[in-house]
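All heavy atoms count here, side chains included; hydrogens, waters and symmetry mates do not. All residue numbers in this chain count up from 1 along the given sequence.
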Amino acid sequence: MRKLKVLLAAGILAGAPIALQDPAGALENGVARTPPMGWNSWNTFGCNINETLIKQMADTIVSSGLRDLGYEYVVVDDCWFNPNRDSSGNLQGNPSRFPSGMKALGDYLHARGLKFGIYQVPVDKTCAQYFGGYPGATGSQGHEVQDARQFAAWGVDYLKYDWCSPNGSIDDQVRTFAKMRDALAATGRPIVYSINPNSIHAKTGPQRDWGDVANMWRTTEDITNKWDTGQTNGYPMGIQNIVNVTVPLASYARPGAFNDPDMMEVGRGGMTDTEMRSHFALWAMMASPLIAGNDLRGMDSATAAILKNQNLIAINQDPLGLQARQISNDGTRRVLAKKLANGDVAVALFNQGGSTTTISTTASAIGLSGGSFTLRDAWTNAVSGSTGTISASVPSHGTVVYRVSGGATASPTPTPSPSLTPSITPSPSPTPSPSGRPGGCTATYRLVNNWGSGFQSEVTVGNTGSAALDGWTVTMTLASGQSVTNLWNGVNTGTSGAITVRNAPYNGTVAANGSTTFGFTAEGDGSIAPTSVTCTSP
């Protein structure tokens with residue numbers, strides 16, 4: 001591991017791609033193999049934090065049973081520090097807010113079987129300092145090694161590292177975040193490394209796989225306790241908006257490296273109980289960190305029931321570390337499937353529409369074969385049988401989750417990393433035997449996010465026939481100034497102008513009257529849609 005770190009440091013200095021698969025040595029030391037679970041102070045308390053509050057939350061995590069379910073990280077967010085470093089340049093806790101000191105707080109948490117998380121930034125000012133809500137300029141810029149050693153000395157187990165600046169290119173961000181990654185690794189202490197490249201910045205979170213830099217990385221701007229704020233990736237983000245950004249990034253997730261759609265808003269009001277349940281279920285399916293953000297001391301029974309759902313926690317914490325991939329999405333009915341270590345598949349039937357609707361998929365569509373299956377409802381724990389149909393009546397903004405067992409499944413394999421030359425070749429899913437004659441295919445383009453200098457889109461390939469379609473090719477012409485940077489669930493020829501996308505092996509079979517999707521990110525203005533988007537089949 002020491003030799004690997006030296007080689008990586010040399011690569012960074014030479015401008016070579018960073019290839020670390022074990023950020024900060026976390027996997028080697030047994031942390032962050034599954035998405036972290038815990039609580040963070042920011043969503044409810046913002047800057048209004050102190051030692052007593054953090055201890056009360058820690059005690060509640062223990063007494064409520066949350067710790068025993070996996071909620072172990074207690075993360076102290078912005079405004080914990082003295083506005084001035086000491087004479088040696090060391091960070092200090094705010095003496096009026098944390099009179100016992102930060103090491104003592106870490107000791108308090110560790111004594112209760114919890115882990116200590118803390119907030120810092122790679123630039124000169126934290127977010128609160130940048131916006132004038134807290135004095136000083138105590139960011140880690142120029143102090144990376146010193147601060148990492150300080151955190152290790154305090155017993156920190158988790159660092160939230162927030163860009164919080166409009167400046168810097170994505171390459172600047174990679175190099176800067178890597179400085180702290182390497183500084184943490186050099187301490188020898190296993191510290192989960194959580195980064196947010198999006199604060200006040202162009203939304204670079206979804207533009208690359210950050211698993212070479214961190215254990216978890218934010219995909220969007222900050223969350224708020226609303227279902228839909230109308231944002232594609234701007235402040236503030238609602239639950240539905242965040243899901244739209246994060247679902248297409250499924251291939252990035254793996255043990256020790258996770259897309260982070262931000263801390264949860266469960267129990268903070270602003271949404272119905274149905275929406276809160278969807279929020280938690282979708283975070284669980286997306287292999288997202290489950291970091292609560294509510295006041296745990298006064299949570300009601302509905303909130304406790306959501307946060308303590310053991311079926312969904314088990315799906316989230318599955319050791320394969322895979323994020324659910326999208327099976328279908330017609331704009332209202334969305335189906336996600338997550339392969340699990342024991343061969344089961346978790347399926348989410350998500351209703352994005354305004355009224356109750358029936359959402360259905362099949363065992364073959366989620367990669368299972370056979371004729372007898374057992375479905376366990378993650379919310380009700382009810383068990384039912386099926387010969388292959390997976391279906392439920394789902395209320396508006398609701399999500400039904402089934403754990404499907406039985407039949408047979410291919411070895412669970414993540415979809416390839418979104419790149420023009422995927423480094424992983426997935427095992428193909430079972431192909432249904434055709435019956436009848438395949439029809440033609442259709443291609444429907446949809447803009448997912450547009451951040452001005454770049455955009456993210458997806459194309460849905462539909463089968464209009466009564467039998468399975470085996471293989472497809474989509475052609476389209478990008479506007480001047482647009483150029484594909486990453487593409488997933490397909491193989492592309494060309495990156496600008498007229499491009500061709502053919503199915504990847506695992507994404508080639510489209511069921512009768514069904515659909516599949518590929519996505520891409522590109523440079524340029526996404527407000528101009530590609531022209532001549534057409535699909536042909538063999």
Side-chain angles (χ1 to χ4, degrees), residues 34 247 250 253-255 277-278 280-287 309-329 333-351 357-394 398-415 426-435 463 467-470 505-517:
T34 58
V247 163
R254 56 193 180 274
R277 286 192 293 271
S278 275
F280 189 78
L282 293 167
W283 262 233
M285 290 290 294
M286 292 190 298
N309 186 301
Q310 295 185 52
N311 291 324
L312 291 172
I313 290 173
I315 289 169
N316 175 262
Q317 294 291 297
D318 185 80
L320 277 184
L322 300 183
Q323 179 174 322
R325 62 185 178 90
Q326 182 165 285
I327 303 301
S328 61
N329 178 18
R333 293 163 293 189
R334 196 167 199 164
V335 179
L336 306 176
K338 183 180 192 296
K339 292 181 180 180
L340 305 175
N342 71 342
D344 292 354
V345 179
V347 179
L349 308 176
F350 173 34
N351 180 5
T357 189
T358 297
I359 304 178
S360 303
T361 189
T362 64
S364 63
I366 64 171
L368 291 171
S369 63
S372 179
F373 304 92
T374 299
L375 280 61
R376 180 179 295 276
D377 188 311
W379 289 113
T380 67
N381 218 33
V383 176
S384 58
S386 172
T387 58
T389 298
I390 302 167
S391 183
S393 177
V394 186
T399 303
V400 170
V401 177
Y402 290 121
R403 184 170 183 135
V404 183
S405 57
T409 183
S411 298
T413 307
T415 52
S427 303
S429 297
T431 303
S433 300
S435 59
N463 177 7
L469 174 71
D470 188 6
Y506 64 93
N507 202 31
T509 300
V510 185
N513 299 309
S515 64
T516 191
T517 301

On a heavy-atom basis, which atom in A324 and which in A250 lie closest, and how many Å separate them? O-CB, 3.4 Å

Which pair of heavy atoms, one from A378 and one from L312, lies closest together, and at what distance? CB-CD2, 3.8 Å

Would you compute the distance between atom CD1 of I359 and atom OG1 of T399 and round it to the nearest 0.5 angstrom? 8.0 Å

For the atom pair CG (L368) and OG (S405), what is the distance rounded to the nearest 0.5 Å? 9.0 Å

Compare all side-chain heavy atoms of I390 with those of I366 and state whether any distance is below 4.5 angstrom. yes

Interatomic distance, N311 atom CG to W379 atom CH2 [nearest 0.5 angstrom]: 9.5 Å

Let me see the working for F350 and L282 under side-chain contact (heavy atoms from CB on, under 4.5 Å), right down to the final yes or no. CA-CA 9 Å; F350 173 34; L282 293 167; 3.8 Å; yes

If we only count heavy atoms from C-beta on, is the V335 to N329 side-chain gap below 4.5 Å? no

To the nearest 0.5 Å, what is the distance between CG on L349 and CZ on R334? 13.0 Å

Are the side chain of N463 and the backbone N or O of A467 linked by a donor-acceptor pair below 3.5 Å? yes

Could you pull out the closest heavy-atom pair between G398 and S278, with the gap in Å? C-OG, 3.1 Å

Once you round to the nearest 0.5 Å, how far does CG of L336 lie from CD of Q323? 8.5 Å

Pair N351-V400, side-chain contact (heavy atoms from CB on, under 4.5 Å): steps then yes or no: CA-CA 9 Å; N351 180 5; V400 170; over 6 Å; no

Do the side chains of L375 and R403 get nearer than 4.5 Å, heavy atoms only? no

Any sub-3.5 Å donor-acceptor pair from K338's side-chain atoms to L322's backbone N or O? yes

Does a side chain donor of either T389 or S391 reach within less than 3.5 Å of an acceptor in the other side chain? no

Taking the side chain as every heavy atom from C-beta outward, state whether T358 and V394 have any pair of such atoms under 4.5 Å apart. no

Using atom types as modelled and distance alone, determine if a side-chain donor or acceptor of D377 lies under 3.5 Å from a backbone N or O of A382. no

Quick one, N309 and F280 - any side-chain contact, counting heavy atoms below 4.5 Å? yes

Take T34 and D318, measure what side-chain contact (heavy atoms from CB on, under 4.5 Å) needs, and give me the verdict at the end. CA-CA 7 Å; T34 58; D318 185 80; over 6 Å; no

To the nearest 0.5 Å, what is the distance between CD1 (I315) and OH (Y402)? 12.5 Å

Minimal non-hydrogen separation, T509 against A468, with atom names: CG2-CB, 4.2 Å

